[in-house]
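Quick notes on the structure that follows.
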Amino acid sequence: REPSAAPPTKGLGAGGEGRERVAWLRGYEGGRDGQLKEARLRASNPQEWIAVQRAEKLIKDADSLIVARQPQLANPLLADAEHELVRATTLDARWVQPWISRGSVSYMRARVMSDSAAGGDAALDGGQVFVEGALDIDPHSDGGAALAGRVACGPGGHGTMPEGTDGAW
């Protein structure tokens, strides 16, 4: 069940008003759970789902290292995430999520290689391939559309890589 776009305007007073607000909040949380369940149902088998979940955790861990200015430590995690996602796409090439996640790995590699224009561009080019693959599978994919925007803009000049006071990381 999808929640309404805005919470009820009435407060948590006595009577039905409080129940209405709680129901809206539960619907919001159920919406996220519902999206997760829907994505899981799209996976053709449990091994594929597990591989994508492992990759997503590795991507988050790599992002944390990049933000902590330790991008060299992020590379092995991104390689492991890529391996899991290749496995997932081998199991079912028609599930959009592994393609979106592979594009995210390419985008993060571009962030790591932000000091090398050629390396960053190559990573973004790879990300574009995955964006196109995702949108071929599901042209209405919100994740694919969002990734297309990130890959098209690239990380350069947008402050995605934190800088120290001396401009170096």
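Nothing here was measured: the structure is a model prediction, and the numbers come from that model.
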How many angstroms lie between atom CD of E56 and atom CD of Q97, to the nearest 0.5 angstrom? 5.5 Å
Run the side-chain hydrogen bond (donor to acceptor under 3.5 Å, both in side chains) test against S104 and tell me which residues pass, sequence neighbours left out. R150
The criterion is side-chain hydrogen bond (donor to acceptor under 3.5 Å, both in side chains); which residues satisfy it with R109, sequence neighbours excluded? none
Could you grab the distance from atom CG of L85 to atom CZ of F130, nearest 0.5 Å is fine? 9.0 Å
Considering all heavy atoms of both residues, which atom of S141 and which atom of V96 are nearest to each other, and what is their separation? OG-CG2, 4.2 Å
Hey, which of I137, V52, T89 is the one that makes side-chain contact (heavy atoms from CB on, under 4.5 Å) with W95? V52
The criterion is salt bridge (Lys or Arg N to Asp or Glu O under 4.0 Å); which residues satisfy it with D63, sequence neighbours excluded? R111
What one should report as the nearest heavy-atom pair of G144 and I100 is N-CD1, 3.5 Å
Name all residues meeting the side-chain hydrogen bond (donor to acceptor under 3.5 Å, both in side chains) criterion together with R54; count only those two or more places apart in sequence or in a different chain, and write none if there are none. none
In terms of heavy-atom contacts, A81 and I59 come closest through CB-CG1, 3.9 Å
I'd like to know whether V112 forms a side-chain contact (heavy atoms from CB on, under 4.5 Å) with I66, so could you lay out the CA-CA distance, the side-chain angles of the two residues, the decisive distance to 0.1 Å, and finally the verdict. CA-CA 7 Å; V112 168; I66 293 168; 3.5 Å; yes
Other cluster members, V86 - Ile/Leu/Val/Met/Phe/Trp/Tyr, side-chain contacts below 4.5 Å: none
Would you compute the distance between atom CG of L78 and atom OG of S106 and round it to the nearest 0.5 angstrom? 9.5 Å
Using side chain to side chain contact (heavy atoms under 4.5 Å, CB included) as the criterion, list what pairs up with L77, not counting sequence neighbours. L58, D61, A62, L65
What distance do W99 atom CH2 and E132 atom CD have between them, rounded to the nearest 0.5 Å? 10.5 Å
Are side-chain heavy atoms of R87 and E48 found at a separation under 4.5 Å? no
Gap separating the CD atom of E82 from the CG atom of N75, nearest 0.5 angstrom: 12.5 Å
